[in-house]
K.L.:
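Below you'll find the structure I mean.
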Amino acid sequence: MSIQLGSNKTCLVTGGAGFLGSHLCEELLERGHDVICLDNLFTGTRRNIEHLLDHPRFEFQRHDVTFPLYIEVDEIYNFACPASPVHYQHDPVQTTKTSVHGAINMLGLAKRVKAKILQASTSEVYGDPQVHPQPEDYWGHVNPIGYRSCYDEGKRCAETLFFDYHRQHKLRIKVMRIFNTYGPRMHPNDGRVVSNFIVQALTGQPITLYGDGSQTRSFGYVDDLITGALKLMDSADDITGPINIGNPVETTVKALAEKVIQMTGSHSEIVYRPLPHDDPLQRCPDITRAKTLLDWQPTIALEQGLSKTINYFDKLLSANATKPKSTSAA
Ligand code: NAD
Ligand code: UDP
Ligand code: UDP
């Protein structure tokens, strides 16, 4: 990733010890900013930010965004929220609180200190989409009372809050709709498809394919996502989003399983499991806005990104296998 040293800012990254947040903290430090990483360590781990803890411009605060926070910052990246369906459905009430109360607190903070604020929203706001690929002006097809609703509706309400603070209080907002993103530092037990398949393939366990595997997703590599987030934050104030950030190359989940098996040289067999409730059948971003407004598009192809991710998990699993069990825990 290119490094552009800009004017020094104090950036708050909520969810900074998570998969995406930790990469964002790292890149913001590389660009010369001060970084406050805030996380309650629900799905994030200290291991993700261990290498940053001694950095003079890095600070970690254990805090839950559903509680108010009084600090001084220039920019807020609001990434706190479990993202894996398994994790966000574990305590659905807390998931909605994290999205909604978390957004209110971070918007209240942005309002008080006049900070610019970016929301990590999601392609899940489109639900099980009936328009394909999904442009930002599609309002979505979301079940308001299902198992995924705590996440989908929580994120939709957060978007509402962002636009109301923008209209009512003139806040400078940026709303980014992230499509399935993968890469190093996903939690090995995260439950999402890329990490599941790679860990299963590397450890010789069966590959768990939900449904018949014909549902599609569009997978983006983490480095592209971080570049997109930084471009959006740095864009002109009238670019509020929402803006889709994702890789428009669509693949079936079955094809992903086969690719992972082939790339790892694994002998794992594919086993079929029931499709989870309300699992979207198709998902693919229309990235015209990101291309036009941010001059952004993904640069890392699926095979290339998978290869880096397989390499990461291979090293992680080998290191854990040689350590006593207690030290390998999250
Ligand atoms: P992750 O689970 O690795 O990271 C989320 C982080 O938020 C974790 O470190 C977790 O401990 C922290 N967190 C959760 N609840 C919190 C709370 N109440 N207070 C403080 N911290 C809290 O997931 P991720 O993939 O890194 O996702 C980061 C953000 O990006 C999330 O908001 C997610 O909704 C969004 N997103 C991610 C994807 C993706 O494919 N990775 C897709 C769409 C949206
Ligand atoms: N808040 C915060 N930090 C701040 C300012 C506000 O966490 O620096 C929280 C606080 O809990 C508040 C919420 O953000 O209730 C919304 O703030 P706002 O000023 O919009 O509304 P208020 O509820 O204070 O009228
Ligand atoms: N999936 C799967 N096997 C797994 C995990 C997930 O077949 O072990 C499927 C899941 O049903 C969905 C897709 O892969 O269709 C993506 O799932 P993930 O949880 O990664 O993210 P989602 O896009 O559903 O939020």
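Counting starts at 1 for both ligands and their atoms, following the listed order. All figures in this text were calculated on a predicted structure; none of them were measured in a lab.
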K.L.:
Please write down residue, atom name and distance for the protein heavy atom closest to atom 19 (O) of ligand 2.
P.N.:
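Its nearest protein heavy-atom neighbour is Lys111 NZ, 2.8 Å.
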K.L.:
Determine, using heavy atoms of Arg148 and all atoms of ligand 3, whether some pair is separated by less than 4.0 Å.
P.N.:
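Contact present.
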K.L.:
Heavy-atom contacts with Gly15 under 4.0 Å: which atoms of ligand 1 show up? List them by number with element.
P.N.:
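So the answer, numbered in order with elements, is 6 (C), 7 (O), 9 (O), 12 (C).
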K.L.:
Judging by distance only, is a nitrogen or oxygen of Arg192 under 3.5 angstrom from one on ligand 1?
P.N.:
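Looking only at distances, the answer is yes, because the N/O contact criterion of under 3.5 Å is met.
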K.L.:
Is the shortest distance from a heavy atom of Tyr165 to ligand 2 less than 4.0 Å?
P.N.:
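Judged by the 4.0 Å heavy-atom criterion, Tyr165 does count as contacting ligand 2.
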K.L.:
With a cutoff of 4.0 Å, is Pro280 in contact with ligand 3, counting heavy atoms of the residue only?
P.N.:
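The answer is no, since Pro280 has no heavy atom less than 4.0 Å from ligand 3.
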K.L.:
Looking at non-hydrogen atoms alone, which of Leu69, Ile104, Leu109 comes nearest to atom 7 (O) of ligand 2?
P.N.:
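Nearest option to atom 7 (O) of ligand 2, by heavy atoms: Leu69.
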K.L.:
Considering the heavy atoms of Lys155, write down every atom of ligand 1 situated less than 4.0 Å from one of them.
P.N.:
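This gives 31 (C), 32 (O), 33 (C), 34 (O) as the contact atoms.
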K.L.:
Is it true that Arg112 and Glu72 make a salt bridge, defined as a side-chain N closer than 4.0 Å to a carboxylate O?
P.N.:
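Looking at Glu72 together with Arg112, the answer is yes, because their closest N to O distance falls below 4.0 Å.
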K.L.:
For atom 20 (O) of ligand 3, what is the nearest protein heavy atom, given as residue, atom name and distance?
P.N.:
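Result: Val193 N, 2.8 Å.
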K.L.:
Below 4.0 angstrom from a heavy atom of Gln215, which ligand 3 atoms are there? Numbered from 1 as shown, please.
P.N.:
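Those of ligand 3 that fall under 4.0 Å from Gln215 are 9 (C), 11 (O), 15 (O).
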K.L.:
For atom 8 (C) of ligand 1, tell me which residue out of Thr43, Asn48, Val222 has the closest non-hydrogen atom.
P.N.:
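Ranked by closest heavy atom to atom 8 (C) of ligand 1, first place is Thr43.
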K.L.:
Heavy-atom contact under 4.0 Å between Pro276 and ligand 3?
P.N.:
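Judged by the 4.0 Å heavy-atom criterion, Pro276 does count as contacting ligand 3.
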K.L.:
Strictly by modelled atom types, are Glu159 and Ser121 linked by a side-chain donor-acceptor pair under 3.5 Å?
P.N.:
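Side chains of Glu159 and Ser121: pair found under 3.5 Å.
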K.L.:
Select the closest option to atom 5 (C) of ligand 3 among Tyr182, Tyr210, Phe179, Tyr88, judged by heavy-atom distance.
P.N.:
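It is Tyr210 that holds the nearest heavy atom.
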K.L.:
Short list, please: which atoms of ligand 2 are under 4.0 Å from a heavy atom of Pro68?
P.N.:
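What qualifies from ligand 2 is 7 (O), 11 (O).
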K.L.:
Determine, considering heavy atoms only, which of Ile71, Thr66, Asn105 sits nearest to atom 12 (C) of ligand 2.
P.N.:
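Considering heavy atoms of Ile71, Thr66, Asn105, the nearest to atom 12 (C) of ligand 2 sits in Asn105.
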K.L.:
So is there a nitrogen or oxygen of Gln200 less than 3.5 Å from a nitrogen or oxygen in ligand 3?
P.N.:
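No, since none of the N or O atoms of Gln200 sits under 3.5 Å from an N or O of ligand 3.
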K.L.:
Has ligand 2 got any nitrogen or oxygen that is less than 3.5 angstrom from a nitrogen or oxygen of His169?
P.N.:
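Between His169 and ligand 2, no N or O pair is found under 3.5 Å apart.
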